[in-house]
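One structure below.
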Amino acid sequence: MIDFSEIVERTHKVIERIKRINESHHYFNYISEDLAITQAEKLKRNPHGKLAGIYVSVKDNICVKGIPSQAGSAILDGYRPVFNATAVQRAIDEGAIIIGKTSQDEFGFGTFSTNTGKGFRHPVNPFDHERAAGGSSGGSAGITALADFPHISLGESTGGSIAAPASFCGVVGLTPTYGRISRYGLIDYASSLDKIGPMAKTVEEAALMLEVVSGHDMKDSTSIDAPVDDYVSYAGKSISGMKVGIIKEAFGKGVSPEVEDAVRAGISRLSDAGAQISEISLPFTSRHCLSSYYILAMCEASTNLAKFCGMRYGAHAPLEGNFNSYFSKVRSENLGEEAKRRIILGTFARMSGFRDAYYMKAMKVRTLIINEYKKALQGIDALVCPTMPILPPKFSEIGKLSPLQNYMMDIMTVGPNLAGLPHISVAAGRVGKLPVGMMLVADHLEEKKLITLGSVLQ
Ligand code: GLN
């Protein structure tokens with residue numbers, strides 16, 4: 001039981017602690033000290049809610065009222081939303097104390113949180129400072145690993161940004177079904193793919209946050225109007241008789257042998273606990289998921305980022321020349337290299353003359369991928385594979401990757417994201433001090449199965 005008479009003092013200590021962690025690890029773009037203290041004072045007077053006294057960090061691309069919310073980009077310098085994202089509002093209504101905005105790849109464009117925007121520092125792996133924390137929700141994963149106080153983070157995934165950093169930092173990352181959690185107040189990367197989701201030390205905590213923030217929202221027409229399960233009650237249930245399919249293509253070439261060993265050991269634990277294990281092949285998805293994802297994600301990103309033109313939000317400059325030259329100046333000065341690359345590629349793939357060859361084709365491929373997953377999940381409770389093909393890489397190694405080699409690291413995670421399927425990454429084991437994550441994928445709205453299976457593994 002939390003003693004609320006000292007919640008304000010405790011909050012001061014937590015803020016001091018995260019400031020210290022931040023000096024060396026860079027998990028926060030902004031620490032919301034004043035907001036946290038105000039919320040703690042309110043809780044002291046009136047303790048209430050499922051998240052009462054839990055400290056919640058929020059990825060920088062999720063809007064928190066009055067707090068800089070920049071999606072890790074200099075182009076949103078000075079932007080302070082006048083509203084809370086629905087997920088944030090629901091967490092606050094249940095007693096959460098918001099401690100800050102976590103570091104990320106600019107707008108979510110990356111896998112290692114090294115594509116940070118101008119002026120931002122990139123998070124480092126909690127277990128080895130020379131290695132990446134994963135991305136794009138790297139700050140959320142890192143602080144989750146190091147928090148020695150009650151803490152849950154709200155991350156966001158478009159193509160794996162919850163699972164990847166969860167894997168590299170050894171924490172739980174739960175990406176829900178597309179539409180399960182409202183996207184209202186989420187700064188868009190690719191609207192048909194973006195999902196907010198919890199990151200936590202334990203499956204129970206992730207389930208608790210999911211329970212609080214899920215559900216239909218009038219402010220997001222893509223949010224699903226289906227009842228929210230009592231997710232927490234599914235943790236620790238027996239998995240006896242549950243059916244788990246190993247994705248055949250997810251092992252072997254391109255996967256580091258240490259990762260494979262750790263994940264196979266995790267699968268044995270599922271089997272020992274009574275799960276029935278079989279092998280499932282996803283040949284089409286394995287072959288085409290990356291190309292389909294990167295075309296669609298870049299197309300959507302290029303339109304979503306058009307609104308950042310130096311007139312409406314954030315960064316601006318003295319008005320000179322015509323609109324086009326002004327627009328280009330503000331964008332070229334404030335967007336990072338990867339953001340520019342994606343805007344250019346996404347715009348190209350949508351141009352008349354190319355649209356059918358790229359965008360429309362990628363959409364058709366996406367439908368076939370959804371169909372392949374739906375078929376595979378008939379009679380199966382979850383699919384399993386490594387979350388990332390490699391151990392957390394060194395920054396010096398990432399620097400040598402070409403953009404394409406970089407995108408290939410998402411081979412396991414983009415498939416379920418394209419299909420809008422819920423997935424969870426939990427630690428399978430460690431190689432030395434470095435964590436290895438394994439990923440379970442379930443059918444739409446079957447988060448409860450992931451919670452049950454995941455809780456066996458932790
Ligand atoms: N690494 C993927 C990308 O760069 C996924 C990122 C994300 O989920 N935001 O698009």
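All values below were derived from every heavy atom in this structure, side-chain atoms included, with hydrogens, water molecules and symmetry-related copies excluded. We count ligands from 1, going down the list as the structure has it; atoms in each ligand are counted the same way.
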### Task
Out of Phe109, Tyr294, Tyr189, Phe107, indicate the one that has the non-hydrogen atom closest to atom 10 (O) of ligand 1.
Tyr189
#### Entry: Expected output: side-chain Thr144 to main-chain Lys201 donor-acceptor under 3.5 Å
no
### Query
For Asp188, which residues count as a side-chain contact (heavy atoms from CB on, under 4.5 Å) partner, sequence neighbours excluded?
Arg183, Ser191, Asp194, Asn304, Lys307
### Query
Starting from atom 2 (C) of ligand 1, which protein heavy atom do you reach first, and at what distance in Å?
Asp410 OD2, 3.2 Å
### Query
Is the number of heavy atoms from other residues, nucleotides or ligands within 6.0 Å of OH (Tyr313) greater than 12?
no
### Contacts of type side-chain contact (heavy atoms from CB on, under 4.5 Å), residue Ala200, not counting sequence neighbours
Ile152, Glu205, Ala206
### Message
With a 3.5 Å distance limit and no angle check, can you tell me whether Glu106 reaches the backbone of Ala339 through a side-chain donor-acceptor pair?
### Response
no
### Task
Heavy atoms only: give me the nearest Tyr359-Cys299 pair and the separation to one decimal.
CD1-SG, 3.6 Å
#### Entry: Under 3.5 Å: donor-acceptor pair, side chain of Glu338, backbone of Asn115
no
### Task
Give the atoms of ligand 1, by number and element, whose distance to some non-hydrogen atom of Gly159 is under 4.0 Å.
5 (C), 7 (C), 8 (O)
### Task
Identify the heavy atoms of Lys248 and Glu279 that sit nearest to each other, and give their distance.
CD-OE1, 3.4 Å
### Task
Please verify whether a non-hydrogen atom of Lys59 lies at under 4.0 Å from ligand 1.
no
### Message
Residue-level breakdown please: for Arg342 versus ligand 1, do any non-hydrogen atoms fall below 4.0 Å on the side chain, on the backbone, on both, or on neither?
### Response
side chain
### Query
Closest non-hydrogen protein atom to atom 6 (C) of ligand 1, residue and atom name please, with distance?
Ser161 OG, 2.9 Å
### Message
Quick check on Tyr407 - does any of its heavy atoms sit under 4.0 Å from an atom of ligand 1?
### Response
no
### Task
For ligand 1, indicate whether the residue Thr158 contacts it via side chain, backbone, both or neither (heavy-atom separation under 4.0 Å).
both
### Task
Just let me know how Ser136 lines up against ligand 1, side chain, backbone, both or neither, with a heavy-atom cut-off below 4.0 Å.
side chain
### Task
Give a yes/no verdict on whether any heavy atom in Gly110 is under 4.0 Å from an atom of ligand 1.
yes
### Task
Name the closest protein heavy atom to atom 5 (C) of ligand 1, giving the residue it belongs to and the distance to 0.1 Å.
Tyr293 OH, 3.3 Å
